Amino acid sequence: MTVVSDVVRALETAYPPQLAESWDAVGLICGDPDAEVEKVAFALDCTQEVAEAAVAAGAQMLVVHHPLLMRGVTSVAANTPKGKVVHTLISGGCALFAAHTNADSARPGVSDVLAELIGVRPGRPIKPIFLNGTDKWGVHVPPEDADGLKRELFHAGAGEIGNYRECAFSHEGTGEFTPVEGADPTDGQVGKHYTAREVRIEFVAPTALRASLIDALRTAHPYEEPAFDVIQMAEPAGTRDLETACGLGRVGELEQPMTLREFTQQVADALPETVWGVRAAGNPDQVVKKVAVSSGSGDSFLADAAKLGVDVYVTSDLRHHPVDEHLRAGGPAVIDTAHWASEFPWTSQAASIVEPLGVETQVLDIRTDPWTVSAHPKAKN
């Protein structure tokens, strides 16, 4: 018998949660980990239509890329859009799981699927993540809470150096802040500047534990907004293989060079069709060979793509001013795809990870791209 937790374990082995960005909300969203699973459905987004389709298909679990509850909520009442989705799934006996930026950074992951689909051999990431690295942490806490916080962090795996455990360095200083409207301060009052003694605790931990340590820190810290920093420590040259590293985006080459116009058409032919299609910025006759891709919204990597010396960068959700400034600064050509189209093909890869568990899988062929109309001026006589 396969249960929800078995599916979660398989997916988190393929897409480690520690690869998720610190702002992300991945993992099991609703459902009983011990509930039996015979069928798993897959989609990019958990819209109301998708939730109803998963239940109608007889799925006991729905796996999506985009988390339903990315930000904090105060209600999941059935008369709210997200609450209605949650009620539909729970009443239909269907658990919900999301693999988001952890699936983007995993190897293979979302950007690998995108790269291969458009004819690019995926190599190094644009933004590498090395799970075998070491992070140096610093966190500020009131003195009376320091021992309790260290205890929880050590329990979560922090502070190990060789054959030594519970390693840390602490020093006192002065912390200060002004709570504003909406804050619920443990110490101090809203609208008044607060100053008090604080202890800075420094320690090291494996990079692989970053996400779980952030959760442990936020849970154990007395403040609603704890102050902490995480720095990945440098390692000796030659100890890391960029070509096989995890991380966001991929860089690779086309089998044969072609013009930007031809490659843009190749991308459009390869991706799932959307109403507004694919567009490009750059010289249409420029020959392209080296390509960077980043599934989903990727304009934050425009400068990184330029530094990597690629001929063209393929991503989604590009905006006028960043692209204009990027091109005027001599950056590579860009191809802008629909966000949904660049990531939906991943659902088949996710399904292939679950299939060995002996459950039935179904990719829900529902286009959740929000754009429904594309118009161009009519030809004039």
Side-chain angles (χ1 to χ4, degrees), residues 2-29 31 33 37 40 42 44 61-70 95-116 122-137 153 155-158 160 204-219 230-233 235 239-250 293-296 343 345-357 361:
T2 301
V3 297
V4 169
S5 60
D6 295 326
V7 180
V8 170
R9 188 177 303 110
L11 289 166
E12 290 190 340
T13 298
Y15 311 124
Q18 56 266 33
L19 285 174
E21 299 294 294
S22 60
W23 47 264
D24 207 357
V26 302
L28 190 63
I29 298 166
V37 175
V40 182
F42 297 82
L44 194 72
M61 189 167 182
L62 171 63
V63 176
V64 296
H65 185 49
H66 296 137
L68 177 67
L69 305 176
M70 181 71 79
L96 177 63
F97 177 92
H100 191 209
T101 54
N102 51 326
D104 289 328
S105 286
R107 196 111 198 186
V110 186
S111 284
D112 294 287
V113 176
L114 172 61
E116 291 170 353
R124 62 155 293 168
I126 297 175
K127 177 187 173 184
I129 297 176
F130 298 96
L131 291 181
N132 59 349
T134 301
D135 290 338
K136 180 179 180 297
W137 290 67
L153 292 171
H155 180 72
E160 298 185 3
V204 296
T207 302
L209 296 180
R210 186 181 297 176
S212 59
L213 280 173
I214 289 175
D215 289 340
L217 187 154
R218 291 189 180 278
T219 299
V230 186
I231 301 172
Q232 191 165 37
M233 298 173 65
E235 295 185 11
T239 59
R240 295 174 167 180
D241 182 6
L242 276 175
E243 288 299 304
T244 59
C246 297
L248 297 174
R250 296 290 182 266
V293 305
S294 181
S295 58
E343 296 183 327
W346 162 83
T347 54
S348 296
Q349 183 200 73
S352 70
I353 290 166
V354 174
E355 286 169 356
L357 297 176
T361 62

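Not measured: the values here are computed from a predicted model.
Ser295 contributes no side-chain N or O that, together with a main-chain N or O of Val110, makes up a donor-acceptor pair within less than 3.5 Å. The closest donor-acceptor contact from the side chain of Arg124 to the backbone of Ala245 lies at 3.5 Å or more, if one exists at all. A donor-acceptor distance shorter than 3.5 angstrom exists from the side chain of Thr2 to the backbone of Leu357, with no hydrogens or angles considered. With hydrogens and angles disregarded, a donor-acceptor distance shorter than 3.5 Å links the side chain of Asn102 to the backbone of Tyr15.
Using cut-offs of 30° and 60° for the angle between ring planes, the Trp346 and His65 rings count as tilted.
Here the side chains of Asp104 and Glu343 are in contact, with some heavy-atom distance below 4.5 Å. For the pair Ile126/Leu248, no side-chain contact is recorded, criterion being any heavy-atom separation below 4.5 Å from C-beta on. At least one side-chain heavy atom of Met61 sits less than 4.5 Å from a side-chain heavy atom of Val8.
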Legend entry - Worked verdict on Val37 versus Asp6 for side-chain contact (heavy atoms from CB on, under 4.5 Å): CA-CA 9 Å; Val37 175; Asp6 295 326; over 6 Å; no
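Distance check, rounded to the nearest 0.5 Å: CG of Asp24 to NE2 of His66 gives 9.5 Å. In this structure, Gln18 CD and Leu213 CG are separated by 10.5 Å, a value rounded to the nearest 0.5 Å. The structure places CZ of Arg107 at 4.0 Å from CZ of Arg250, a figure rounded to the nearest 0.5 Å. Taken to the nearest 0.5 Å, the OG atom of Ser22 stands 10.5 Å off from the CG atom of Asp215. Atom CD1 of Ile231 and atom CH2 of Trp137 lie 11.5 Å apart (nearest 0.5 Å). Here CG of Leu96 is found 7.5 Å from CG of Leu28. Values are rounded to the nearest 0.5 Å.
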